[in-house]
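Below is one structure, written out as structure tokens; comments come after it.
Whatever order the structure lists ligands and atoms in, that order sets their numbers, starting from 1. We count residues from 1, following the sequence as given.
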Amino acid sequence: MPRLRVRTKTRPHEYEITIGRNVLSEAGQVARGCLGRQAQRVALISNKKVFFHYGPVVTASLKADGFTVWPWLIGDGERHKSLRTAQDVLSFFSEAELDRGDGVAALGGGVVGDVAGFAAAAYLRGIAFIQIPTTLLAQIDSSVGGKTGVNLPAGKNLVGSFHQPAAVLIDVQTLSTLPARELVAGWCECVKQGAVSGPKLFKQTTDFLSELKSPEGLVYSQLERLIASQCAFKASIVAGDEREDIARRDRRSRRILNFGHTIGHALEAVTNYRRFRHGEAVGLGMLVAGQLSKNLGLLDASELELLNEAVSLCGPLPSAGDLDQNAVIGAMRRDKKRTAGQVQWVLLEHIGRPRIVDGKEISPQLLRKSVREGLR
Ligand code: NAD
Ligand code: GLY
């Protein structure tokens, strides 16, 4: 069973990621290990769907290790990643009389993890929290690295905090109940991390996807290894740039993890977050970023082909060819991930060799051509 130790500059300074099958029953042991003997209560944050499948085993495990478990279910879906939900969760912590020695466990996808982590970061100026991610996207990306937060009506993730988890417990078996479309979204994020990390992780990811004929055909032992490699890569980038320093533009900057996000966020915004899952939009965003990299003379046509093939291996993506390109480009310019008024593009010089390029270095004509070609 893969276990990774992750070092962080901020508290808890070190945490463990455990990856395996049927490991939810270790939740109590993991919580006791990182919260210590004095901890008495765990607030277990989840949603109805995930709790139905996995709440009982996690609760039983926590109780067996001596914790009083306080479950709280938030609404399902991105629209519940809000200040209102965070406020309800915070009030619940207070009603449950959580003190600074107690902990929070987030059981669910990225929405549950981001909200629960944010509430844990704010309550009593920060209490420990454990990530128990149950979507592929959350297992390889959002549960690692300490970004937590909620959306505002004006945009996604506009309020948040960096708050590193005290432990991450990944049970790959939970993916057996995940809808196929959520898996596709997760594979896109796997390709994204492969594309900016180096040829090895990219190959491991595409080899895995090439052999995967259907969601039922998952080979869990290989999947555990892939998730471990993905988490190790993400943790290594976060270790060097925990708070995503806006002055950095080098290829170990945390920003490289936003590959595909410039257009991805714009696609989500122009469709009112209704057409695409986040990972699907990132998949399409990578096609545009790859095309733009080639059109700028950075990326060879044969490597663009490899990237496009990798995205197609993830599974079917909703069409974006009908969307108004000017609206997509306009939404991109309004995105919060600008610095000094400019979009910072994560592009590729090679597969595994990202380069951050300032938006002002890209002509509007070339951008329009790349968006058209990428989304075709
Ligand atoms: P999600 O949390 O909405 O989960 C997707 C759906 O799957 C939901 O309906 C959920 O109830 C369901 N589900 C979860 N686990 C299941 C399981 N095992 N079986 C059956 N159904 C299950 O979506 P997501 O893709 O996990 O996360 C997206 C969110 O993550 C976005 O808000 C995004 O901004 C955020 N995110 C955060 C980071 C970070 O670093 N913090 C990184 C990437 C994305
Ligand atoms: N998902 C991007 C990051 O954690 O920085």
Side-chain angles (χ1 to χ4, degrees), residues 24 45-55 57-58 73-82 85 106-118 121 129 131-151 155-165 168 170-190 192-193 196 215 230-231 233-245 248 252-261 264-265 268-269 273 276-283 336-337 346:
L24 292 181
I45 311 303
S46 189
N47 70 32
K48 202 169 148 191
K49 197 190 289 175
V50 177
F51 195 84
F52 168 79
H53 288 296
Y54 306 112
V57 58
V58 172
L73 307 186
I74 68 170
D76 192 359
E78 188 69 32
R79 73 195 170 88
H80 294 283
K81 198 174 124 176
S82 63
T85 306
L107 174 68
V111 167
V112 167
D114 279 11
V115 173
F118 178 57
F129 92 111
Q131 290 271 23
I132 312 179
T134 61
T135 63
L136 180 59
L137 180 144
Q139 294 183 351
I140 61 117
D141 187 353
S142 63
S143 64
V144 178
K147 277 189 182 175
T148 71
V150 296
N151 305 327
K156 273 189 64 155
N157 300 326
L158 290 183
V159 177
S161 172
F162 289 97
H163 187 52
Q164 299 295 339
V168 181
I170 299 175
D171 190 331
V172 293
Q173 197 73 43
T174 59
L175 302 183
S176 62
T177 53
L178 193 67
R181 214 176 143 187
E182 301 297 342
L183 268 180
V184 173
W187 298 133
C188 287
E189 295 278 1
C190 287
K192 174 205 81 176
Q193 292 194 161
V196 296
Q230 291 276 346
C231 289
F233 165 67
K234 176 152 186 192
S236 74
I237 293 295
V238 172
D241 186 13
E242 217 166 289
R243 298 176 73 89
E244 199 169 315
D245 181 350
R248 280 184 63 170
R252 298 290 294 173
S253 144
R254 186 165 181 168
R255 270 206 190 146
I256 63 160
L257 299 174
N258 295 331
F259 179 54
H261 283 60
H265 279 154
E268 290 182 274
Y273 301 91
F276 304 104
R277 301 295 304 138
H278 174 69
E280 293 172 335
V282 169
K336 73 163 170 98
K337 290 203 190 278
V346 182

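A heavy-atom distance below 4.5 Å is found between the side chains of Glu244 and Asn258. Within the 4.5 Å cutoff, side-chain heavy atoms of Asn157 are placed close to those of Lys81. Between Val112 and Ile74 there is a side-chain heavy-atom pair separated by less than 4.5 Å. The shortest distance between side-chain heavy atoms of Lys147 and Asp114 does not fall below 4.5 Å. A heavy-atom distance below 4.5 Å is not found between the side chains of Cys188 and His278. The shortest side-chain heavy-atom distance between Asp245 and Ser253 does not fall under the 4.5 Å cut-off. Taking 4.5 Å as the limit, some side-chain heavy atom of Leu257 sits within range of a side-chain heavy atom of Ile237.
Neither the backbone nor the side chain of Glu189 has a heavy atom within less than 4.0 Å of ligand 1. Under 4.0 angstrom from ligand 1, there are no non-hydrogen atoms of Leu175. Only the side chain of Asn47 comes within 4.0 Å of ligand 1, counting heavy atoms alone; its backbone N, CA, C and O stay farther away. In Asn157, the part holding a heavy atom less than 4.0 Å from any atom of ligand 1 is the side chain. If you look at Thr134 next to ligand 1, the close heavy atoms, those under 4.0 Å, come from the backbone and the side chain alike. Residue contacts with ligand 1 for Val50 involve side-chain atoms from C-beta outward but no N, CA, C or O (heavy atoms, distance under 4.0 Å). The side chain of Lys49, and not its backbone, has at least one atom closer than 4.0 Å to an atom of ligand 1 (non-hydrogen atoms only; side chain from C-beta on).
At the top of the distance list for atom 23 (O) of ligand 1, counting protein heavy atoms only, stands Arg277 NH2, 3.3 Å. When only non-hydrogen protein atoms are considered, atom 10 (C) of ligand 1 lies nearest to Asp76 OD1, 3.5 Å. When hydrogens are left out, the protein atom nearest atom 35 (C) of ligand 1 is Asp114 OD2, 3.4 Å; that is the closest non-hydrogen contact. Among all protein heavy atoms, the one lying closest to atom 38 (C) of ligand 1 is Ser142 CB, 3.2 Å. From the protein, the heavy atom lying nearest to atom 5 (O) of ligand 2 is Arg254 NE, 2.7 Å. Counting protein heavy atoms only, atom 4 (O) of ligand 1 is closest to Thr135 CG2, 3.7 Å. The protein atom (non-hydrogen) at minimum distance from atom 31 (C) of ligand 1 is Glu78 OE1, 3.2 Å. Nearest protein neighbour of atom 44 (C) of ligand 1, counting heavy atoms only, is Leu137 CD2, 3.6 Å. Protein heavy atom closest to atom 22 (C) of ligand 1, with residue, atom name and distance, is Leu178 CD1, 3.6 Å.
If you check each of Gly110, Gly109, Gly108, Gly113 against atom 29 (C) of ligand 1, the one with the closest non-hydrogen atom is Gly110. Selection from Leu107, Val115, Thr174 by nearest heavy atom to atom 18 (N) of ligand 1 gives Thr174.
Ligand-side atoms of ligand 2 in range of Asp141: 1 (N), range being under 4.0 angstrom from any heavy atom. Near Lys234, meaning under 4.0 Å from one of its heavy atoms, ligand 2 places the atoms 1 (N), 3 (C), 4 (O). Of all the atoms in ligand 2, the ones that sit under 4.0 Å from a non-hydrogen atom of Leu257 are 2 (C), 3 (C), 5 (O). Residue Tyr54 approaches ligand 1 through these ligand atoms, each under 4.0 Å from one of its heavy atoms: 18 (N). With ligand atoms numbered from 1 in the order given, ligand 1 contributes 17 (C), 18 (N), 19 (N), 20 (C) to contacts under 4.0 Å with heavy atoms of Thr177. Near Asp141, the atoms of ligand 1 lying under 4.0 angstrom from a non-hydrogen atom of the residue are 42 (C), 43 (C). Each of the following atoms of ligand 1 lies closer than 4.0 Å to a heavy atom of Lys234: 40 (O). Of all the atoms in ligand 1, the ones that sit under 4.0 Å from a non-hydrogen atom of Lys81 are 31 (C), 32 (O), 33 (C), 34 (O), 35 (C).
Atom CG of Leu175 is separated from atom OG1 of Thr135 by 8.0 Å, given to the nearest 0.5 angstrom.
Using modelled atom types, one side-chain atom of Asp171 and one backbone atom of Leu24 make a donor-acceptor pair closer than 3.5 Å. Between the side chain of Lys234 and the backbone N or O of Asp141 there is at least one donor-acceptor pair closer than 3.5 Å. Side chain of Glu280 to main chain of Arg277: a donor-acceptor pair is present (N/O by atom type, distance under 3.5 Å, no hydrogens or angles). Side-chain atoms of Gln230 come within 3.5 Å of backbone N or O of Cys190 as a donor-acceptor pair. Although no hydrogens or angles enter the test, the distance criterion places no donor-acceptor pair under 3.5 Å between the side chain of Ser46 and the main chain of Gly108. Under a 3.5 Å cut-off, the side chain of His53 and the backbone N or O of Phe51 do not form any donor-acceptor pair.
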> So Glu78 and Glu268, side chain to side chain contact (heavy atoms under 4.5 Å, CB included) or not? Walk me through it.
Replying inline: CA-CA 12 Å; Glu78 188 69 32; Glu268 290 182 274; over 6 Å; no
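At least one N or O atom of Lys147, backbone or side chain, sits closer than 3.5 Å to an N or O atom of ligand 2. Among the atoms of Lys147, some N or O lies under 3.5 angstrom from an N or O of ligand 1.
Pairing each heavy atom of Phe129 with each of His163, the nearest pair is CE2-O, 3.3 Å.
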